[in-house]
Amino acid sequence: MHNQKLENRNIPGFNRHERFVEIEYAKNIGVTLKRISIYFVHEKRMVGGIFAIVVFGTFCGVYAPILQSKAIDIIAGTVEGKFFWVLFWMLMMYLFYSGCQLLQGLFSAKLSQRIVKRMREELFEKVLHLPIRYLDTHSHGDVMSRMTNDIENISATVSQSLPSFFSGVLTVIGTVSIMIGYCWQLALLSCISVIFTFFATKFLAKNVRKFSRRRQMFLGETNGIVKETISGYRTVVAYNQQDTYVENFYKTSDALTKAGIRTDIFSGVMGPIMNFIGNIGFIIIAVFGGYFAVSGLISVGVISAFIVYAKQFSRPINELAQIYGQLQIAISGAERVFAVLDEKNEDHFGEPFADNENAEITFKNVQFAYHSGCPVISDFTLSVPPGKKVALVGATGSGKTTIVNLLLRFYDIDAGEIFINGQNLHKISRESLRRNIAIVLQDTMLFSDTIENNLKYANENATRVQLDEAVIMSHCKELIEMFPKGYDTVLIGSGKNISQGQRQLLAIARAFVADPKILILDEATSNVDTRTEKMIQNAMQLVMKNRTSIVIAHRLSTIRDADMIVVMDQGKIVESGNHEALLAQKGKYYQLYMTQYAGMTI
């Protein structure tokens, strides 16, 4: 019912999951397995230990039925030997086998956690070095899903499936070898079940791979929707869109459920089908084994050994079939993880930032587009004098914030040049560049840490005196003194225990502590009241004095004292000058000003 209603709604993210449908299975299993094996090389000692345990345990499990066969033949009188010692060693073989199984599980769990730890650390480090463009164009929930769900699938496979896989392979090889040694005719008849197992596994594994890949994609999409809804919960509730988002979640959840059910069905039926095939093999052994015993080709003890070996043979075959399905899920998850790891890092090479007292910024014929064919900045030419305050104003979407993104090299320009003190911006390393620029964004971001560490985020060597000065200038002193622990107060949930305006004040104080060559304020006072805004403006005059500053503002009252005001429209500069000169022109700036202050005396 909810799906039918959803079809008539145009809601955010409605068709987002459709882009995942065409990616159904792991594209290159061999390459992915090879890359996974690299992680095992780093743990070669533990891998070697597990392998030794698996080999010894498999030997004990395969050798025990030989002793059982001999014990039965001793009882039957067909062979000679000491029954007690044969029985004793058979018991010891089974005890050793059980002990090896226990050790195998313990060491495998430890190995999986080490490998997953290394993989998770690499992925997290990779995310921190990805270009801004990647995170702007990919669902954050999907990226998080790769770090959690996909890596956990790999962990489960390493700890449970891989040791069983090697043990199963060795058991099959050892069992078949002994069966051929006892009676090759009966061994060949027993292997008929392998043919059925091969075709059944091929068919089932193909579908497991297909739907497991789809399930992981939908799981990432579901996480993205949940994260987006929780992050924007106030907006969702304010506009009464709860039902809309519930229905949106239902649709994605339905797709995830269908893919999950199909994955579990094809994975789950492997066991019963393999058991059925194994029972066929057991019947073959019982019928032909009895005939061969009556014919005198084998003894009664050999029949009992073949019965045990038949179970040993079918068990790893069944496990291998199930493990193969789990491996497909893990490989699909590994491919998604490696897809992020293979992304190109943000380039941090380049020249150091020229250490001058002031910074002169020059934009020369700059062209830029987020998407090819849709230019956002066109033929942008601007000179920001050293130590001066330049304001960028214009309607929403005119390209003001994009200029800041280009200056910080969050994105590289498509054409033109940007210079700082005559130094080409493209040749300056991003790390050195950003170390000399402080920015206060409209969307304030603080971290779940102490107030002191948040303030020292861009300058970890800042002294308490510097912090106090920044706090006083940004009018945060009363806010910090309000908390019993002062600077040691921990901001919960990235600052959810203080108001949005207070978070913005702390962000401004953080920029002061950074003591940058260039200061960028992007709607920095948008969330404070008029009185506080006036106080911050007065403090900013001191901070921006003799410092190159770029201010983006919608409220024109905040930039009346700017040395130069640049009016932008559709990515181009349409006017520039100081406040009085632009008003006198009665152009675009005049229209913006009158829109905000209609009826006021100019």
Side-chain angles (χ1 to χ4, degrees), residues 26 29-30 32-64 92-123 146-175 201 205 208-209 212 216 263-264 267-268 270-271 274 311-338 341:
I29 297 176
T32 304
L33 288 175
K34 185 177 180 180
R35 292 188 63 174
I36 293 176
S37 67
I38 296 175
Y39 292 91
F40 287 89
V41 173
H42 294 289
E43 304 293 339
K44 53 186 176 183
R45 290 186 178 180
M46 184 168 290
V47 171
I50 293 175
F51 184 75
I53 293 172
V54 169
V55 171
F56 182 69
T58 302
F59 169 78
C60 293
V62 172
Y63 187 67
M92 293 302 295
M93 289 298 105
Y94 280 122
L95 286 176
F96 288 147
Y97 176 75
S98 299
C100 288
Q101 292 290 308
L102 176 61
L103 292 176
Q104 176 182 315
L106 292 176
F107 283 105
S108 297
K110 190 173 183 179
L111 174 64
S112 71
Q113 291 306 312
R114 286 187 178 183
I115 289 176
V116 166
K117 176 179 178 292
R118 183 184 298 273
M119 188 175 292
R120 186 180 288 117
E121 288 174 349
E122 288 183 5
L123 183 58
R146 296 171 193 244
M147 185 171 293
T148 54
N149 300 310
D150 291 331
I151 288 185
E152 284 304 316
N153 285 333
I154 298 172
S155 173
T157 301
V158 172
S159 63
Q160 301 172 15
S161 302
L162 289 183
S164 298
F165 176 80
F166 291 119
S167 176
V169 171
L170 293 176
T171 299
V172 169
I173 294 174
T175 300
T201 301
V208 169
R209 184 171 65 246
S212 65
Q216 292 305 113
T263 302
D264 292 340
S267 297
M270 279 190 176
M274 296 304 108
K311 293 181 180 179
Q312 284 191 352
F313 183 72
S314 61
R315 179 183 58 79
I317 290 293
N318 296 343
E319 289 181 354
L320 289 174
Q322 295 177 4
I323 290 170
Y324 190 74
Q326 294 173 357
L327 282 174
Q328 296 300 323
I329 297 175
I331 291 171
S332 297
E335 271 201 348
R336 283 165 45 81
V337 172
F338 293 146
L341 292 177

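Only a predicted model underlies this, so the values are computations on that prediction, with no experimental measurement involved. For the single chain, residues carry numbers from 1 onward in sequence order.
- Between Tyr97 and Gly57, the shortest heavy-atom distance links the atoms CD1-O, 3.0 Å.
- Judged as a side chain to side chain donor-acceptor pair (under 3.5 Å), and not counting sequence neighbours, the contacts of Tyr39 are Glu122.
- When the ring-ring contact (aromatic ring centres under 6.0 Å, His included) test is applied to Phe338, no partner is found at least two apart in sequence or on another chain.
- The salt bridge (charged side-chain N to carboxylate O under 4.0 Å, His left out) pairs that include a residue from residues 154-163 number zero, where partners must be two or more places apart or lie in different chains.
- Asp264 is linked by a side chain to side chain contact (heavy atoms under 4.5 Å, CB included) to Arg215, counting only residues two or more places apart in sequence or in another chain.
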Output side-chain donor-acceptor pairs under 3.5 Å for residues 106-118, partner residues at least two apart or in another chain, one line each.
unit_1 : atom_1 : unit_2 : atom_2 : d
Ser108 : OG     : Gln104 : O      : 2.6
Ser112 : OG     : Ala109 : O      : 2.8
Gln113 : NE2    : Ser155 : OG     : 3.4
Arg114 : NH1    : Glu43  : OE1    : 3.2
Lys117 : NZ     : Glu121 : OE2    : 2.7

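- Not counting sequence neighbours, the partners of Cys100 by the side chain to side chain contact (heavy atoms under 4.5 Å, CB included) test are Ile53, Phe56.
- Within 6.0 Å of CZ in Phe40 there are more than 12 heavy atoms belonging to other residues, nucleotides or ligands.
- For the pair Arg146 and Val337, the tightest heavy-atom approach, listed with the atom from each and the gap, is O-CG2, 3.6 Å.
- The minimum heavy-atom distance between Ala330 and Asn153, with the atom names listed, is CB-O, 4.0 Å.
- Considering CG of Asn149 and CD1 of Ile154, their distance stands at 11.5 Å, rounded to 0.5 Å.
- Under a cut-off of 6.0 angstrom, the local environment of OH in Tyr63 is sparse, with at most 12 non-hydrogen atoms contributed by other residues, nucleotides or ligands.
- Sequence neighbours left out, not one pair with a member in residues 160-174 passes salt bridge (charged side-chain N to carboxylate O under 4.0 Å, His left out).
- Within the structure, every pair that satisfies the salt bridge (charged side-chain N to carboxylate O under 4.0 Å, His left out) test and touches residues 150-170, not counting sequence neighbours, is listed here: Arg120-Glu152, Asp150-Arg336.
- Atoms CZ and CE, on Phe59 and Met93 in that order, are 6.5 Å from each other to the nearest 0.5 Å.
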